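To keep things clear, I will list the structure first and then write my remarks on it.
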Amino acid sequence: MNMTDSSTSDLSVVILAAGKGTRMYSNLPKVLHRLAHKPLLGHVIDAAKTLNPAHIVVVYGHGGEQVPNAFAQPGVRFVKQEPQRGTGHAVAQAMPLIPLSGRTLVLYGDVPLIRAQTLAAVCASAQTLVVLTAELADPAGYGRIIRDKSGKFLRIAEEKDATAEEKAVREINTGIVAAPTKALAGWLMSLKNHNAQGEYYLTDIVPRAIAQGMNVASVNAANLWEVLGVNSRAQLAELERRYQHEYALRLMAVGVTLRDPARIDIRGDLHCGQDVEIDVNCVFQGKVHLAEGVVVGANCYIKDAEIGAGTVIAPMSVIDGAKVGPECRIGPFARIRPETTLAAHAHVGNFVEMKKVDLGEGSKVNHLTYLGDATVGRNVNVGAGTITCNYDGANKHRTVIEDDAFIGSDTQLVAPVRVGKGATLGAGTTLTKDAPPGELTISRAKQTAIAGWKRPVKNKAG
Ligand code: UD1
Ligand code: CA
């Protein structure tokens with residue numbers, strides 16, 4: 001129980017996720033399909049958690065134990081519904097796992113974009129059955145909200161059971177409902193499956209509540225996309241774009257320039273300072289932080305990274321698991337791999353790969369280079385075509401390059417090896433022993449010119 005918010009501490013959330021998802025044509029249970037890299041059910045669980053409920057129970061069915069295995073986490077329990085006899089039957093499976101006191105909120109595992117604010121509105125009143133409804137231009141397939149002339153909520157008519165007149169109603173049941181748990185448990189016990197689908201309909205709780213004199217209220221969903229479910233891969237793709245669009249709007253609202261809000265993908269959490277600029281087709285995954293004034297060029301992939309203020313990332317760069325200081329220059333075509341840190345004013349240029357590197361302040365690695373398992377000091381210049389030979393076939397070894405060193409082009413540093421402060425390596429050097437500070441070290445066959453040498457000429461065809 002959370003002592004700071006007693007209003008939600010008696011809340012139980014039941015998430016329905018037993019449906020087969022036939023139209024996905026997939027071996028993966030529908031709720032494990034990903035939206036913004038997170039399974040659909042993950043979005044719903046996260047939305048539920050914002051209400052700080054005392055219990056979350058997921059009703060699952062298909063795909064063996066894949067669903068419980070994918071979401072093993074404290075505070076979330078699972079109950080199997082087999083066979084699936086309808087939404088009322090599904091909720092009934094969860095009842096033995098939750099206390100009869102307090103309220104229960106029913107969510108769908110395949111309705112991923114539901115917002116916390118909307119759920120809070122559905123859960124607001126303690127002694128009422130609340131149904132989240134929506135107005136649809138085309139209500140086909142949904143349960144219709146049937147009201148009397150005065151607008152009083154009477155019942156929900158499922159599409160397959162509805163009369164022509166009822167089918168004309170455009171106010172629909174989203175499926176999301178909240179009710180006092182004890183009353184709900186009683187209604188569920190009395191459900192009958194005398195309907196077109198031979199199922200136990202959760203929707204039949206409405207007339208039962210009315211018969212008991214309980215208030216039945218509706219909350220209208222502010223955004224239609226919040227209550228849309230995923231039944232096919234096309235719908236999944238639609239909701240993905242919707243999710244991305246909403247995220248893009250939030251970024252722009254806090255001062256981010258998006259060259260095209262329709263061409264950005266955020267698969268996790270992207271935090272941006274003011275005046276960040278992001279060009280088209282960038283993907284951000286995991287936790288990414290872009291400090292003030294960061295510029296990200298087109299077609300970049302940035303994952304679990306922190307980028308310092310004023311840093312410019314040129315197009316086609318990949319950054320994964322790195323911490324980049326302020327005022328750096330990266331790319332185009334740079335690949336920065338996990339456990340790499342770049343200090344302020346570092347430059348990493350085209351076709352440069354780095355892994356487990358600490359690159360010091362003001363150091364430059366501008367062209368065609370692989371640095372792995374290396375510590376590089378300040379103001380070091382690494383020439384084009386430099387390679388740290390960090391792997392001997394069995395173990396990885398570290399290269400240390402001290403401050404102010406100059407690494408000539410086409411150099412191999414055979415680790416473990418150290419380049420002293422201010423040392424210069426001549427171009428083409430294969431460094432197998434430490435290079436002393438302040439000296440020129442070079443390993444290169446002496447250049448010779450063969451006097452009188454002639455190029456071979458092609459034999460005459462004989
Ligand atoms: C249900 C509602 C309908 C509403 C619609 C919104 C009922 C009877 N009808 O329709 O009024 O407009 O949702 O989408 O409630 N599920 C289970 N076990 C089952 C059956 C369903 O867990 O035995 C789950 C599904 O995985 C899904 C949700 O419940 O997440 C809704 O099931 P679905 O079959 O899509 O809903 P309908 O019955 O068509
Ligand atoms: Ca449905």
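As the structure is a computational prediction, the values presented were derived from the model and not from experiment. Note that ligands are numbered from 1 as they come in the structure, with each ligand's atoms numbered from 1 the same way.
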Fill in the blank from the handout: Across all chains, not counting sequence neighbours, the side-chain hydrogen bond (donor to acceptor under 3.5 Å, both in side chains) partners of D275 are none
As an exercise, identify every atom of ligand 1 less than 4.0 angstrom from a heavy atom of [X].
X    : result
T87  : 7 (C), 8 (C), 15 (O), 20 (C), 21 (C), 29 (O), 31 (C)
G19  : 17 (C), 22 (O), 25 (C), 26 (O)
Q84  : 18 (N), 19 (C), 23 (O)
Y201 : 8 (C)
R85  : 23 (O)

Could you pull out the closest heavy-atom pair between [X] and [Y], with the gap in Å?
X    : Y    : result
V357 : L371 : CG2-O, 3.3 Å
P112 : V44  : CA-CG2, 4.0 Å
M214 : A183 : CE-CB, 3.8 Å

Handout entry: Min heavy-atom dist I172 to ligand 1 below 4.0 Å
Key = no
Problem - ligand 1 contact by G229, heavy-atom criterion under 4.0 angstrom - result: no
Any nitrogen or oxygen of [X] lying under 3.5 Å from a nitrogen or oxygen in ligand 1? Just yes or no.
X    : value
G86  : yes
G143 : yes
E158 : yes
A90  : no
A18  : yes
L16  : yes
Y142 : no
E199 : no
N173 : yes

Does [X], at its [atom1] atom, have more than 12 non-hydrogen atoms belonging to other residues, nucleotides or ligands within less than 6.0 Å?
X    : atom1 : result
K80  : NZ    : yes
E165 : CD    : no
R378 : CZ    : no

Completion exercise
Checking heavy atoms under 4.0 Å, the part of T174 that sits near ligand 1 is backbone
Is the shortest side-chain heavy-atom distance between [X] and [Y] below 4.5 Å?
X    : Y    : answer
E199 : R85  : no
L41  : Y60  : no
D10  : T181 : no

Problem - Distance-only polar pair, side chains of N390 and T388, donor-acceptor under 3.5 Å - result: no
